[in-house]
Structure formats: structure tokens, C-alpha cells
Number of protein chains: 2
Amino acid sequence: MADVVMEEGPEAAEARDVTDFILQDILAGVLLPGTWLKQIDLERRYKCTRPEVRRALDRLAQKRLVEHVPNRGYHVYEPDGRRAQEVSEIRIILETAIAATIVSNAAADEIAKLRKLADHFDLMVLNGTMLELYEANLAFHRQLLTLGGNLELVDLITEIRQRTSSAPVSQWRTRARVEQSGREHHQMIDAIAAGDVESLKALVRQHILQR
Amino acid sequence: MADVVMEEGPEAAEARDVTDFILQDILAGVLLPGTWLKQIDLERRYKCTRPEVRRALDRLAQKRLVEHVPNRGYHVYEPDGRRAQEVSEIRIILETAIAATIVSNAAADEIAKLRKLADHFDLMVLNGTMLELYEANLAFHRQLLTLGGNLELVDLITEIRQRTSSAPVSQWRTRARVEQSGREHHQMIDAIAAGDVESLKALVRQHILQR
DNA sequence: GTAACCTAAATTGGCGCCAATTTTGGATAC
DNA sequence: GTATCCAAAATTGGCGCCAATTTAGGTTAC
């Protein structure tokens, strides 16, 4: 239970920060790649002050989700195929490297917890907004990665997922792909329950590459 | 040559930013772990304005090099053994994963370039400041990692090296260890030249773990 | 119709200022 | 000597304002 509380607590608190509001709109495809983010528009949109907007934009620029052009403002980065491919490659390296640890750490209650999050994702496929879907997906993956035992790695992967604006609108191009992602979640859990490290690795790779 | 220019150009530009000044002082051990960073002191120290200081501190806080305590200010994070160990583990996973690619990509001129950087590090061991040593080390490793062909990974590793304030003062506790690092650089280059992937991996691991 | 120019409007960038909060140091009580 | 209290000093946090820069739209020339 403590893990569940911790996952939901910080997120609730952070949801109030302008940085997250903007990020959510980028990820949801509301603020499209190439869009110029005018500070005064953002003030009005998110009902906050200029300094707050500026801090949020600077943070997003540091994460390379938006680009700062001096005296002109900030715009959402265009998708960069090279970067996306490289980030996927990094994720595959990291997530397959900890597959064996995940499998050996997965007690029955952890597997049940994962199954519950995978079910929640399936539910969001049916009934949720794009953002809810994204967050359900993230919750599942964070929980999965936490079994690897390296908290820095969990945070790192969560962070780099955002680097290429793996927005739902670009991540899941078809309803069929979304549903396959849901099935893959369950297949990963099956592999873990069966202690099958190689299957888990293969599934992780397939999942990240979206094939 | 183009690579060398690119490496030195951005660095020269960034060296003027307060974020980097503060970061350098943290890495050099001037601003020790636990030190409270008073904004008005930093203004005076780096001869800049309050907004610049604030932006720099926020950025460093985002990178978790400093911690923000509301209404009290910012302080340099204390070393965290768990985080350092986890970051090392991540680095080992990533850097050994691309060892084969490094070896296959290493043409003679690349090897010569690495050798030159390793020699430069040795020179800094003898004659350089702690900061120059740190930067020579970083230059060597960036060049090495670039051979892996994944630019995001190069930037990522550069970034996470800083997370645990791998300051020279804590990274190299003895002169002997510094000199060994220099020898290991050359041994890595030898392994690459010999096409010996497994030796390179072992050396990378040993190097990161500082044993 | 297109290009160049100019001006007003819009926006960004950054500084100064002050309210809010914390820290410091002295006075007082025990 | 130690603990508590209080006021002054120091610092942080954030807002308002305005200079600097860019954009947008109208006018003129070809």
C-alpha cells in the first residue's frame, strides 16, 4: 500500500504546477509540435503569473521538450526521428538489463499489483481520455521498473520517455496498437510469473519498438 | 576537427552561464555538500543578478544537485550512497551495452583522437587544477561514448554523472586512484584497438566502480 | 502582383521593489 | 549556565513595470 500512496501523492501535488499542465497538454497533443508558446497566452490559459510561466518554460526547455529562441519565445519541439530512435534504444538497453532482477524480485503480491495496473490500463483504453491512458501506461511501467531495484533508473526512464514527446497521439497511432500494448502488459506479467526472463526481454523490446 | 570544434564551442558559451559557474564550484568541492547557497551571496560571488541566480538554482535543483527548501533557500545535496551506487549501475549497463559498437566504429583516426585526450588527462594529473582534471576526464569519456553512435546516450550519461555530484574531490580520493584512471583510459584504448570487446567491458566496469 | 519600408502593436526579458518568512542576537527569567 | 521570548536584520519569493525586440499590418514604389 505504501507504494501506491507514494505514487499517487507526489503526482497529485505536482499536478498543480504549471510545468505539468503544459507538459500534459504537449503529451495530449493539445499543444502541437512547432506551436509557439506565448507567455501571455499561457498565463491566461493556466491562470497563473508570468514568472510561473517562465519557470515552467525554462524547465521544459532544460528537458528539451520545448526550445527557447531568444527574444522570440518558446516553441514545442518538432519530433526528431533520430532522437526518438536513440531514446528507444537506451530504454531497451536499460529495461532488458534489469529483466532478470525484475523476475527474481516479483513476489505474488507484486504480480497482483502489476495485474491490477494492467487491468486499469485496459479500462482506460475503453473509457478513458488520452491523458488518462498515458498516465495508466506510465503507472504500469513505473511499477514494473521498480521491481528492478534501482530507483534512479525508474526515474531516469520516466524522464527520458518524455524527451521525444512520446505523446499518446504519436505513440499509439491506431486503436489496434493501443490494444496490443494492453495485451503486451499482460504478457509481460505472464512471463514474470513464469520466471521467463528471455520472454520478458523480448516483450519489452517489442513493446518499446511498438511492433 | 569538426567534432573538436563542436565540443569546445558549446562549452565556451555555456561557461558564461551562472548555472555552470555554480556547478563547477560544486564539482570542484568549493561549495561543499550541505552548504546553503544564499542568493545574495551568489549574486556577489558571480557578479550577476538575482533572477539569473534563481534560474540557475532552479535548474540545478531540477538536476537534483541542490535541494530547494521553501523560504529557506537552496543547499547542496549531501552525497547519497544509494544514488551513487545506482547511477554507477546504470552507467555500467549503458556503457558496456555499447562496447561492441564502439569497437566496431573505432577507425584509426578515432583511436588517435582518444589517445590524445587520454594523454591530455595524464598531463592534467601532473599539472592541472582539479577542475581541469575533471574536464579532461569528461572530454575523454564523451569522445569514447560518441563512438557508440547514440548521441542521446552520450548526453544522458554526461548528465547523470553529475547527479550524484561525482565531484573530483570524492571521485578520486587518492593520487594513486587518479593515476590508475589515467592508465585505465589507455587500457580501454588498447582494448578498442585490439578489437577486444570483453576487455573493454571489464575495463569500463572497473573504471566506473573505481576499483 | 510583389517587394521594401515604416510604424504601431504585441511580446519578451529583466530589473527594482516590497511583502512574507526566517534567522540572528540581545534581553529576561529561572 | 540554559531556556525562552522578542525585535531587528537578513533573506526569500513574487509581482509590477518598463526597456528592448519582434511581429503584424498598412503604405509606397516598381
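These numbers come from a predicted model, not from an experiment. Note on naming: letters A, B, ... go to the chains in the order of the sequence lines (proteins, then strands), and numbering restarts at 1 for each one.
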Under a 4.0 Å heavy-atom cut-off, which of residues 66-74 of chain A touch DNA chain D?
A:N71, A:R72
How about A:R115 and A:H186: does a side-chain donor come under 3.5 Å of a side-chain acceptor?
yes
Base of D:dG14, side chain of A:R55 - is there a donor-acceptor contact under 3.5 Å?
no
Go through the side-chain N and O atoms of B:Q39 and B:E43 and say whether any donor and acceptor fall under 3.5 Å apart.
no
Is there a side chain to side chain contact (heavy atoms under 4.5 Å, CB included) between A:I189 and A:F140 once you walk through the steps?
CA-CA 11 Å; A:I189 299 170; A:F140 173 79; 3.8 Å; yes
In whole Å, I'd like the distance from the CG atom of B:D58 to the P atom of C:dG14.
16 Å
Parallel, tilted or perpendicular: which describes the rings of B:Y46 and B:F21, with under 30° parallel and over 60° perpendicular?
parallel
Using a cut-off of strictly less than 4.0 Å between a heavy atom of the residue and any atom of DNA chain C, enumerate the qualifying residues of residues 38-48 of chain B by number.
none
A:D58 and A:H68: side-chain donor and acceptor closer than 3.5 Å?
no
Roughly how many Å is it from CG in B:L57 to C1' in D:dT12, rounded to a whole number?
11 Å
Nearest-Å distance for atom pair CD/P, residues A:E52 and D:dG13:
13 Å
Whole angstrom value for the distance that separates P of C:dT23 from NE2 of B:H75:
12 Å
Taking D:dT12, C:dT12, D:dC15 as options, the one with an atom nearest any side-chain atom of A:R50 is C:dT12
Shortest non-hydrogen contact from A:H75 toward A:G34:
CB-O, 4.0 Å
Establish, from distance only, whether the side-chain atoms of B:R205 and B:T96 form a donor-acceptor pair under 3.5 Å.
no
Charged N to carboxylate O below 4.0 Å: is that the case for B:E184 and B:R177?
yes
Would one find a side-chain N or O of A:T49 under 4.0 angstrom from OP1 or OP2 of D:dC15?
yes
